[in-house]
Amino acid sequence: MAQLRAKKNPLLKDTLFPLVFDTTVIGRHPYCEIVLDHGAISREHARIIRDQEIYYIEDLHSRNGTFLNGKPVERKQPLYEGDVIRICDMDFTFYSGDADKPSDSSLMRPGHDVVYDDTPVNDSLYIMSQVPVVTQDQDTMPGKSNADVKFRALVDLGRNLNSVLEDMLPHLAANLLRFFKHADGAYVFLRNPESQKLELKAFQHRKNSPNERLHISRTILEKAAAAKTAILSNDVSGDSWFDTSQSIVDYQICSIMVTPLLDFNNEVFGVIQLDSRSGGHRFTSDDLDLLVTVTYQAAISYENARRYERIAQERVLEREMSVAHKVQLGFLPIQPPKLENYAFFDYYQPAKYLGGDYFDYIELPDGRLAVTLGDVSGKGVPAALLMAKLSAEVRYSLVIEPTPAQAMQRLNRVFCEDRWDSRFITFMLTVLDPKTHQIVMLNAGHNPPLFRDRNGQIREIADNLGGLPLGTGHETVYREDTLIMEPEELIVIYSDGLLDAMNTGGNFYELRRIREQVGIPGQTSVDAVGRSLMNSIRKFVGSAPQTDDQCLVIFGRYS
């Protein structure tokens, strides 16, 4: 039975705490399985969980934390023979308590020195048995003999394999030693997607050796992986293929089985190795046949778990991005301003959940109204975060600076700082005085707005100001342009997502189509102009996906 032993504590001395239950809670509360009467210990401080052959330690959000081998326990972590758990000033050593069972050293941890032996081996391999491993239906699996044994093994494996990906490999190693009574060691390797090398991810030994140096012959593993063949050699000592493999010599291995793990595309993603040491029994061809069957089921279970985890992560990310989308919309105006003699229309649609386009209506202390629109370079989360910063800085700059030009210069200085990863922002600032109907405009590298006069004529405005985008030049000076807005006139400010809207034929919407829609006779309201323009873009794009954020603001005077 597994147990904790108190270490040199004057209160507990060498007290033993048997881990009888599947869950053992440690804390100050009298209902805990292990009660520690210490003021610094939380009522429910930590717990030890038994899952099949493996024990885990987990902190229960305690005030002073739980430590495993000197490091804080931040999530559920497996326990190994001899591990030291510290709770406040109390230390406990973990013992598995069962020498007959495989040791709990089935995950890689500090203290396990793994040495990979890449020494080439001879091609004259003395093979007792080999079985091709391919993805196939169970009815056509190799070796229909011993069907009863295989069926029981598959049932046991399905029952005992944990569906949590990070726990599956140690469970697999433990189950392999349960199925193969003659095996002294079980190893699970996975292929590193970057280096493409097979790396040891979990192992299990019948006899515990906490600080044992593990010699692994990677050449043997790659031999089985390349041929997609399960290999058995039951006379390693006399096998010329293993003559130079230091791992075989060090471990005094007399029999070995190696079989690849195949994914749903029949590609090798890992390898399983079983060995029998000197003085033990040798593997047979029936053992290899059973290993192929077990490996087949293990590969399916692992691939299913990996696929499920990927889907679960995608769903979590999708929920988080949906929340982030709602938060980002909170930075934008809820509704257009209500200003006598003026009307407003706005439209905002990011290409993905989050976007880098921005617009706002900002009421200034003297009664003027600032209408702003910007476009942060890039897309996605970085652009959205910078957009949030822009939203706050625009409001602050317009309030503390005496003129729009000085506000623009301050904004530029803020975004010229190195911390923004060389990103820039095109930005259009328009300040409307409803008393005098004067419009002050400043342009930081943005698309020039369109102005429709009372005769229906359309021209670009603020196109000759020459301001660089925010964040591109410390010494940029921004000049103002002004005009007086007459009744029945309007201004259209837009991001390049409208210009670059692309249809299935690869054609862009372009400026000429925007001008045509804005200039349609009979559209007297800004709302009619805005809806007509966006409907035209949607019809033009059709079923093609949106490739860039789209932002549009239109305002006009009506008396």
Side-chain angles (χ1 to χ4, degrees), residues 321-322 325-326 328-329 332-333 335-336 343-361 371-380 383-384 387 424-428 430 441 443-463 469 488-556:
M321 295 299 283
S322 179
H325 174 71
K326 293 177 181 177
Q328 186 182 38
L329 292 181
L332 304 177
Q335 60 185 10
F344 298 83
F345 173 89
D346 53 63
Y347 175 87
Y348 179 86
Q349 183 61 50
K352 301 184 184 299
Y353 278 105
L354 301 176
D357 282 6
Y358 147 87
F359 78 98
D360 204 353
Y361 308 109
V371 180
T372 63
L373 192 148
D375 186 354
V376 178
S377 62
K379 299 180 180 65
M387 173 270 202
F424 62 88
I425 303 168
T426 66
F427 185 72
M428 187 70 207
T430 304
M441 297 167 291
N443 192 342
H446 197 74
N447 305 308
L450 294 179
F451 178 76
R452 193 184 77 180
D453 63 25
R454 59 197 312 171
N455 298 317
Q457 299 299 311
I458 298 172
R459 71 175 189 273
E460 290 185 337
I461 54 176
D463 57 339
E488 310 303 325
E489 294 182 335
L490 57 82
I491 292 176
V492 180
I493 312 173
Y494 55 92
S495 68
D496 57 10
L498 275 66
L499 294 171
D500 298 337
M502 187 168 56
N503 62 17
T504 54
N507 301 311
F508 294 105
Y509 192 73
E510 298 180 344
L511 179 59
R512 62 181 180 83
R513 292 187 176 89
I514 295 179
R515 296 177 66 112
E516 289 172 1
Q517 289 298 315
V518 173
I520 292 176
Q523 292 183 157
T524 57
S525 70
V526 295
D527 189 72
V529 174
R531 292 181 183 277
S532 172
L533 176 56
M534 296 314 304
N535 287 337
S536 173
I537 292 175
R538 279 191 287 268
K539 184 177 180 180
F540 173 84
V541 169
S543 60
Q546 183 179 334
T547 57
D548 197 4
D549 307 328
Q550 296 178 349
C551 187
L552 171 67
V553 175
I554 305 175
F555 66 95

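Each residue takes its place number in the sequence, starting with 1.
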query: To the nearest 0.5 Å, what is the distance between CG (Asp463) and CE (Met441)?
result: 9.5 Å
- request: Evaluate the ring planes of Phe359 and Tyr348, with Trp represented by its six-membered ring, and classify them as parallel (under 30°), tilted (30 to 60°) or perpendicular (over 60°).
  value: tilted
query: Does the side chain of His446 come within less than 4.5 Å of Phe427's, by heavy atoms?
result: no
Gln550 side chain vs Met534 backbone, donor-acceptor pair below 3.5 Å: no
message: Contact between Leu450 and Arg515 at the side-chain level, heavy atoms closer than 4.5 Å - yes or no?
response: yes
- prompt: Quick one: CD1 on Ile461 to OG1 on Thr430, what's the gap to the nearest 0.5 Å?
  reply: 7.0 Å
- request: With rounding to the nearest 0.5 Å, note down the distance linking OG in Ser525 to CD in Glu488.
  value: 10.5 Å
field: Heavy-atom side-chain contact between Thr372 and Tyr358 under 4.5 Å
entry: yes
- prompt: So, Ser495 versus Asp375: side-chain donor-acceptor pair below 3.5 Å or not?
  reply: no
query: Is it true that atom CZ of Phe424 has more than 12 heavy atoms of other residues, nucleotides or ligands lying nearer than 6.0 Å?
result: no
task: List the steps and the verdict of side-chain contact (heavy atoms from CB on, under 4.5 Å) for Val541 and Gln546.
output: CA-CA 8 Å; Val541 169; Gln546 183 179 334; over 6 Å; no
message: So for atom CZ, which belongs to Arg538, do other residues, nucleotides or ligands contribute more than 12 heavy atoms lying within a distance under 6.0 Å?
response: yes
message: Is there a side-chain contact between Leu533 and Tyr494 in this structure, where contact means two heavy atoms from C-beta onward sitting under 4.5 Å apart?
response: no
message: I'd like to know if the side chain of Asn507 and the backbone of Asn503 have a donor-acceptor N/O pair within less than 3.5 Å.
response: no
task: Find the distance between CG (Asp496) and CG (Leu511) and round it off to the nearest 0.5 Å.
output: 12.0 Å
- prompt: Within a strict 4.5 Å, meaning less than it, do heavy atoms of the Pro336 and Phe345 side chains meet?
  reply: no
- prompt: So how far is it from Leu552 CG to Ile537 CD1, rounded to the nearest 0.5 Å?
  reply: 7.5 Å
- prompt: When rounded to the nearest 0.5 angstrom, what is the spacing between CG in Leu499 and CG in Asp548?
  reply: 10.0 Å
